[in-house]
Amino acid sequence: MLVSCPREGSVDCRIAKICLDFGVRVQNSVFECEVEPAQFAVLKAELMDIFDPDEDSLRFYFLGKKGRQRVEHVGAKPTPDPLRDALVL
């Protein structure tokens, strides 16, 4: 999941605190959460309750054999996928 925390008390900081309840920070705005499906449902529901889809962006990457095929994006600023989207050089 990608999350940034630019100022204390912001929605981004609240998102970061929720992520830390389920996993660890691996970079400033990246959290690694190894959770069971039921825990993931709770985590996602908590994040969806506080984030603003017009301003914020969440990405969920699922690891494992078919993980590359399972990326969920919610909110603003979709990221192009170089393996599926056209790339002009």
Are Phe40 and Phe22 near enough that their ring centres are under 6.0 Å apart?
no
Non-hydrogen side-chain atoms of Phe31 and Leu20 separated by less than 4.5 Å:
yes
Using the side chain to side chain donor-acceptor pair (under 3.5 Å) criterion, which residues pair with Gln39? Sequence neighbours excluded.
none
Distance (rounded to the nearest 0.5 Å) between Arg14 CZ and Asp49 CG:
11.0 Å
Rounded to the nearest 0.5 Å, what separates atom CG in Leu58 from atom CE in Met48?
7.0 Å
Considering only NZ, NE, NH1 and NH2 on the basic side and carboxylate oxygens on the acidic side, decide whether Arg25 and Glu32 come within less than 4.0 Å.
no
Rounded to the nearest 0.5 angstrom, the CG-CD distance for Leu43 and Glu36 is 13.0 Å
Point-to-point distance, once rounded to the nearest 0.5 Å, from CZ of Phe51 to CD1 of Ile18:
11.5 Å
So which heavy atom on Cys33 is nearest to which on Cys19, and how close?
SG-O, 3.8 Å
Are Ile50 and Glu46 side-chain neighbours, meaning at least one heavy-atom pair lies under 4.5 Å?
no
